[in-house]
Each structure stands twice: as structure tokens, then as C-alpha cells.
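Working notes for the structure below.
Note that the structure is a prediction, hence the values are computed from the model and not measured. Computed over heavy atoms, backbone and side chain alike; hydrogens, waters and symmetry mates excluded.
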Amino acid sequence: MIEVNHLTKRYGNHTAVSDLSFTIEKGQIYGFLGPNGAGKSTTMNIMTGCLAATSGEVRIGGFDIFEEAEQAKKLIGYLPEQPPLYLDRTPREYLTFVARAKRIPERQIPEQLTQVMAVTQTIDVADRLIKNLSKGYRQRVGIAQAILGDPEVIILDEPTVGLDPRQIIEIRDLIKELGKDHTVILSSHILSEVQAVCQTILIISKGKLVACDSPANLEKLFAGTTTVDLVAEASEGELWEILSGVGNIAKIEVTEKAPNRCKARLNMGNREGNQACREIFFAFSKAGRAILQMSTARASLEDIFMELTAGEREEAQ
């Protein structure tokens with residue numbers, strides 16, 4: 001559906017997007033995830049034809065966004081981070097203007113307006129001035145203009161910024177509903193935002209794509225390591241001796257020690273957590289030493305995101 005090849009955007013000496021390549025398949029919800037300033041909005045602005053690229057290519061449904069802009073843009077509905085609303089108009093007036101700008105036949109406009117306002121649940125506020133609407137309703141009107149004309153691709157830049165928790169949940173539900181009939185791309189710097197609604201996550205850092213996969217596969221690929229945190233009633237020497245009899249421990253890190261008490265973190269590689277704990281328990285029991293506390297964990301998607309974008313955060317600091 002969308003092909004982005006070697007996309008680069010420079011502002012003087014600053015490179016906002018660097019040799020970015022990826023493919024968007026039809027009928028999925030994609031999430032652009034990255035810290036603020038990672039290049040997400042720049043990429044979206046280029047994909048929608050709102051910003052020229054320094055180099056590279058973007059094709060929407062086979063059409064070049066730069067060379068065949070009119071055909072390509074007909075396939076896209078776009079909501080920028082700041083919705084392009086006319087505050088002194090009502091949603092009905094504003095959406096009528098947008099429909100005409102999109103060259104929707106005049107006779108179809110009333111039906112189209114009714115349809116998009118029903119989907120975005122804005123019918124009840126259709127004749128109120130936009131400046132008097134809440135942030136949540138304004139965002140819904142912004143999404144309504146994006147889906148006018150039934151585009152194949154809907155691109156949403158930070159769609160829940162500034163919303164309260166209830167409004168965020170409502171917009172997430174709306175995005176999921178849109179994903180049933182459209183290809184949806186949304187950007188966010190909030191992990192839970194992308195994880196809650198997206199089937200594929202593209203993590204961007206410093207204008208580069210550093211990971212692209214489903215949330216589950218990202219966790220499997222980057223977070224396959226099982227960690228066991230252990231507090232035992234044993235000296236450090238006894239702890240090392242007991243654990244030497246447990247197989248497949250990749251690393252042992254003693255984090256606290258006292259004459260008869262040790263705390264350690266064990267890297268168990270790809271082993272299943274319960275099985276590893278069982279072997280450790282029996283090893284200490286055989287040696288006559290008590291385990292005071294033991295827990296297992298696997299790195300979360302948040303841990304992956306923090307690791308992949310660590311360089312960007314350090315640079316910002």
C-alpha cells in the first residue's frame with residue numbers, strides 16, 4: 001500500500017530523517033513510536049505530500065507522492081498534530097468546506113457528512129461552534145475531516161495529545177474501529193498508546209528506523225532473556241557453589257552481600273521462568289540453605305523502547 005524508500009530530510013546541518021525505508025501493508029494499524037524529535041512528524045508530513053524530501057521516494061498505492069501528488073493524495077486522509085480546524089465554523093460547516101475541497105460531488109456531501117459524524121460521534125455537536133467544543137470533540141472533528149471521501153489510508157499524528165484519560169480511551173476505540181475498514185498509521189511518543197491499538201510498531205530514533213514488527217514479536221526478539229532475582233540465606237561463596245550445579249545460567253551478578261545473606265540477579269537466557277526457579281529451589285534445598293525471596297521477569301516492550309532509543313535520550317540530556 002505504501003512504500004518508503006531511502007527517505008532523507010535535512011534542515012541545514014540537521015538531519016531530521018535519515019535513509020528511512022519501510023513498507024505499509026493494506027488493512028493494518030501501524031504505529032510510529034519514538035521520542036519527541038525523533039522524526040515521526042517529519043516523516044508523516046513527507047508521506048502526505050505536505051513537505052518535500054531532500055532525497056528518497058514515497059509511493060502511495062503505486063503513485064509517487066511527489067510526481068503524482070493528486071492521485072496519491074486521493075488515497076490519504078491526514079490529521080496533523082494540530083488539527084486544521086476553523087474555530088468560527090460549526091463542524092457541519094467545516095466538514096462541508098473540506099468535502100468540497102476534496103472534490104466530493106455536491107449531491108453526496110450530506111450523506112458523507114452524516115456518515116463521518118456518526119463514526120466519530122460528533123452529530124450531537126454538529127451545529128455548535130468549534131471554538132466552544134472540548135479538546136476531545138475537536139479531535140473527533142479533525143478525524144472526521146480525515147476520513148471524508150473514504151480514503152484507503154488514514155494518517156494520524158499524535159491523535160491523543162492533550163486529551164484527558166476518558167477522551168484518550170474514546171479516541172483509541174475510534175482508531176480501532178477505523179482500522180476495520182482502512183489502513184491506519186498513527187504516531188506517538190507514548191508506548192502504551194501504540195501498544196494498545198497497533199498491530200505493527202515502527203520504532204524511530206534520530207530519524208532512523210531501529211525496529212519494525214508486531215508488539216509480541218518485538219518482545220520475543222529483543223526480550224527473550226529470563227531474569228531471576230534471588231535473595232538467599234547463604235554466604236557469597238555458598239551461593240556461587242550452589243548455583244554452579246544449576247545448568248544454563250548465562251550470568252550471575254551478586255548485588256548485595258552479608259555474612260549469611262546474599263542478593264543476586266541471574267540471567268537465565270531463553271529458559272522458561274518457572275522451570276529455572278524450580279531447579280534453583282531444589283539446588284538450595286539440597287544444600288540446606290533457604291531462599292528468602294525469588295522472582296522472575298522478562299524485559300517488557302517498554303524496556304526494549306528505552307534500550308533502542310537510549311542514545312537519543314542521552315544526547316537530549
Side-chain angles (χ1 to χ4, degrees), residues 29-32 40-41 44-45 47-51 60 69-70 72-190 193-194 196-198:
I29 302 177
Y30 287 80
F32 280 9
K40 304 184 300 296
S41 292
M44 287 189 157
N45 278 324
M47 288 171 62
T48 54
C50 297
L51 185 66
I60 313 289
E70 184 174 349
K73 288 182 179 181
K74 285 181 180 179
L75 301 175
I76 302 171
Y78 180 39
L79 175 67
E81 185 174 351
Q82 297 296 328
L85 305 177
Y86 295 156
L87 302 183
D88 59 345
R89 302 282 186 91
T90 67
R92 193 187 306 277
E93 292 169 338
Y94 169 69
L95 292 172
T96 299
F97 167 77
V98 173
R100 289 169 178 160
K102 290 187 174 185
R103 299 180 184 177
I104 295 173
E106 197 72 24
R107 66 182 182 278
Q108 296 180 15
I109 290 178
E111 181 182 351
Q112 287 254 356
L113 261 58
T114 299
Q115 183 179 4
V116 299
M117 286 193 291
V119 170
T120 57
Q121 297 180 20
T122 52
I123 291 177
D124 291 344
V125 298
D127 298 307
R128 292 172 55 185
L129 290 178
I130 292 174
K131 66 181 179 182
N132 295 330
L133 299 182
S134 68
K135 171 80 172 176
Y137 270 115
R138 291 186 189 187
Q139 201 74 339
R140 287 178 178 274
V141 174
I143 294 174
Q145 66 80 27
I147 64 177
L148 264 175
D150 196 27
E152 292 188 37
V153 181
I154 299 170
I155 299 179
L156 311 172
D157 192 359
E158 300 277 3
T160 61
V161 166
L163 303 184
D164 65 36
R166 179 188 293 273
Q167 293 168 338
I168 289 174
I169 292 171
E170 290 173 347
I171 294 298
R172 284 179 182 173
D173 290 341
L174 174 55
I175 291 170
K176 290 178 184 177
E177 196 65 28
L178 292 173
K180 295 178 181 179
D181 300 309
H182 305 269
T183 300
V184 180
I185 305 168
L186 66 93
S187 75
S188 180
H189 62 281
I190 303 169
E193 180 76 31
V194 176
V197 298
C198 297

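Residues M117 and R92 form a side-chain contact, since some pair of their non-hydrogen atoms from C-beta on lies under 4.5 Å apart. R103 has its side chain within reach of E70: a pair of non-hydrogen atoms, C-beta onward, lies under 4.5 Å apart. Looking at heavy atoms from C-beta onward, D164 lies out of side-chain contact with S134 at the 4.5 angstrom threshold. With a 4.5 Å cut-off on side-chain heavy atoms, T160 and S188 do not count as touching. At a threshold of 4.5 Å between non-hydrogen side-chain atoms, the residues E158 and I190 do not count as touching. Between R89 and T96 the shortest side-chain heavy-atom distance does not fall below 4.5 Å. Using a 4.5 Å heavy-atom threshold, the side chains of Q145 and L95 count as touching. Looking at I143 and L178, their side chains come closer than 4.5 Å, going by heavy atoms from C-beta outward.
Contact record, G136 with Q167: N-NE2, 3.4 Å, taken as the closest heavy-atom pair. Of all non-hydrogen atoms in R138 and L133, the two that sit nearest each other are NE-O, 3.2 Å. For the pair P83 and Q139, the tightest heavy-atom approach, listed with the atom from each and the gap, is CG-OE1, 3.2 Å. Considering all non-hydrogen atoms of both residues, H182 and P151 come closest at ND1-O, 2.7 Å. Minimum interatomic distance between M47 and I60 (heavy atoms only, all atoms of both residues): O-CD1, 3.9 Å. For the pair L79 and P84, the tightest heavy-atom approach, listed with the atom from each and the gap, is CD1-CD, 4.5 Å.
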Please walk me through it: do T90 and D127 pass side-chain hydrogen bond (donor to acceptor under 3.5 Å, both in side chains)? CA-CA 5 Å; T90 67; D127 298 307; 4.6 Å; no

Check the pair M44, Y78 against side-chain contact (heavy atoms from CB on, under 4.5 Å), reporting the backbone distance first and the verdict last. CA-CA 9 Å; M44 287 189 157; Y78 180 39; 4.3 Å; yes

Could you walk me through whether I109 and R100 pass side-chain contact (heavy atoms from CB on, under 4.5 Å), step by step? CA-CA 8 Å; I109 290 178; R100 289 169 178 160; 3.7 Å; yes

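The distance from the CG atom of L174 to the CD atom of Q121 is 7.5 Å, given to the nearest 0.5 Å. Atom-to-atom distance recorded for E193:CD and I175:CD1 is 6.0 Å, nearest 0.5 angstrom. Annotation: the span from I155 atom CD1 to T183 atom OG1 amounts to 10.0 Å, rounded to 0.5 Å. Once rounded to the nearest 0.5 Å, the distance linking OG1 of T120 with CD of E170 reads 12.0 Å. Note that NZ of K73 is 8.0 Å distant from CD1 of I76, once rounded to the nearest 0.5 Å. Distance check, rounded to the nearest 0.5 Å: CD1 of I185 to NZ of K40 gives 14.5 Å.
Relative orientation of the Y94 and Y86 rings is perpendicular, given thresholds of 30° and 60° on the angle between their planes.
Without hydrogens or angle criteria, K135 side chain to G162 main chain gives no donor-acceptor distance under 3.5 Å.
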